[in-house]
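Since the structure comes first, as structure tokens, the remarks are kept for the end.
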Amino acid sequence: MRAPPAAGRLLVASAVLTDPNFSRTVVLLLDHGTDGTLGVVLNRPTDLTVAQALPAWSDVAGDPGLIFRGGPVSTEAALALGVAVEPADEKRASAGWRAVIGRIGLVDLDALPDAMDPALSSLRVYAGHAGWASGQLDCELAAGAWMVVESRPGDLFSTAPERLWSDVVRRLPGEAAFLATRPDDPNLN
């Protein structure tokens with residue numbers, strides 16, 4: 001039985017997903033419920049640095065220090081995920097922080113980094129996000145477009161995002177791991 005989608009799990013694009021917005025992507029699920037699903041694509045860095053776009057946050061940004069394309073929805077808006085140095089508590093929700101899973105939370109980029117509570121060990125900024133209407137992701141899962149995989153600590157802040165999809169696929173059981181060696185265009189093989 002496959003794991004159901006839930007906050008903190010990954011959606012890994014399968015070979016049947018050819019939409020250029022999601023082909024070979026790894027999406028961290030931030031919320032999944034009856035109203036729909038929200039996530040961010042973890043492996044699509046842009047050329048824009050955090051220092052260029054949000055200089056106040058550049059010292060906290062994790063390597064490679066770039067803004068990531070979080071998905072095709074609301075690409076003009078930024079969303080940031082940070083890792084708290086210490087576990088979050090309830091008072092921090094009003095201090096520019098909302099825990100998502102464990103020490104990972106959404107960060108209010110309008111707050112000043114040095115005023116952040118909790119202190120952050122790392123931050124990643126996403127332009128846009130991925131979203132699914134109620135029931136939409138379930139249909140895509142049934143069609144085989146996505147695989148749901150447990151996330152690991154290094155997935156969110158991978159310093160080699162261009163390899164994240166193949167690295168996560170290699171962790172899959174059985175023949176699914178062979179997908180990692182599939183060329184972008186199998187017709188050129």
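Interatomic distance, NE2 of His32 versus CG of Asp138, reported as 5.0 Å (0.5 Å rounding). Atoms CZ and CG, on Arg44 and Leu66 in that order, are 15.0 Å from each other to the nearest 0.5 Å. Here the CG atom belonging to Leu123 is positioned 11.0 Å from the CG atom belonging to Asp59, to the nearest 0.5 angstrom. The CG atom of Leu137 sits 11.5 Å away from the CG atom of Leu38 when rounded to the nearest 0.5 Å. A distance of 11.0 Å separates CE of Met147 from CG of Leu10, quoted to the nearest 0.5 Å. The structure places CG of Asn21 at 10.0 Å from OG1 of Thr75, a figure rounded to the nearest 0.5 Å.
Residues Phe68 and Leu81 are not in side-chain contact: their nearest non-hydrogen atoms beyond the backbone lie 4.5 Å or more apart. Residues Val85 and Ser121 form a side-chain contact, since some pair of their non-hydrogen atoms from C-beta on lies under 4.5 Å apart. Considering only heavy atoms from C-beta on, Thr25 comes within 4.5 Å of Trp146 through its side chain. Arg24 is not listed as a side-chain neighbour of Ser166, based on a closest heavy-atom distance of 4.5 Å or more. For the pair Phe157 and Val83, the minimum side-chain heavy-atom distance is below 4.5 Å. Two residues are said to be in side-chain contact when any heavy atoms from C-beta on lie closer than 4.5 Å; Asp167 and Val26 fail this criterion. You'll find the side chain of Leu30 reaches within 4.5 Å of the side chain of Leu106, heavy atoms only. Between Leu28 and Asp155, the closest side-chain pair of non-hydrogen atoms is not below 4.5 Å.
Taking hydrophobic clusters as Ile, Leu, Val, Met, Phe, Trp and Tyr residues chained together by side-chain heavy-atom distances below 4.5 Å, Leu17 does not share a cluster with Leu172. Transitive grouping of hydrophobic side chains (ILVMFWY, heavy atoms separated by less than 4.5 Å) keeps Leu11 and Ile101 in distinct clusters. Linking ILVMFWY side-chain heavy atoms closer than 4.5 Å, directly or via other members, places Val169 and Val27 in two distinct hydrophobic clusters. Cluster membership check: Val168 shares its hydrophobic cluster with Ile104, using side-chain heavy-atom separations under 4.5 Å among Ile, Leu, Val, Met, Phe, Trp and Tyr. In this structure, Val148 is not a member of the same hydrophobic cluster as Leu164, with clusters built from ILVMFWY side-chain heavy atoms closer than 4.5 Å.
A donor-acceptor pair under 3.5 Å is formed between the side chain of Trp165 and the backbone N or O of Ala13. Panel note: side chain Thr159, backbone Asp63; no donor-acceptor pair is recorded below 3.5 Å. The main-chain N or O of Ser158 is found under 3.5 Å from a side-chain atom of Arg124 such that the two form a donor-acceptor pair. Between the side chain of Trp57 and the backbone N or O of Leu109, at least one donor-acceptor pair lies under 3.5 Å. A donor-acceptor contact shorter than 3.5 Å links the side chain of Ser14 to the backbone of Gly144. Without hydrogens or angle criteria, Arg9 side chain to Leu29 main chain gives no donor-acceptor distance under 3.5 Å.
Shown here for Ala56 and Pro113, the closest heavy-atom pair between the two residues is O-CG, 3.0 Å. The heavy-atom pair separating Val16 from Ala143 by the smallest distance is CG2-O, 4.2 Å. The shortest non-hydrogen separation linking Gly8 to Ser151 is O-OG, 2.6 Å. Considering every non-hydrogen atom in both Pro5 and Leu141, the closest pair reads CG-CD1, 3.7 Å. When all heavy atoms of Gly128 and Val40 are compared, the closest pair comes out as O-CG1, 4.4 Å.
Checked against Tyr126 for a side-chain contact (heavy atoms from CB on, under 4.5 Å), the options Ile67, Leu42, Val41 give a single hit: Leu42.
Looking at residues two or more places apart in sequence or on another chain, you find no salt bridge (charged side-chain N to carboxylate O under 4.0 Å, His left out) involving Glu162.
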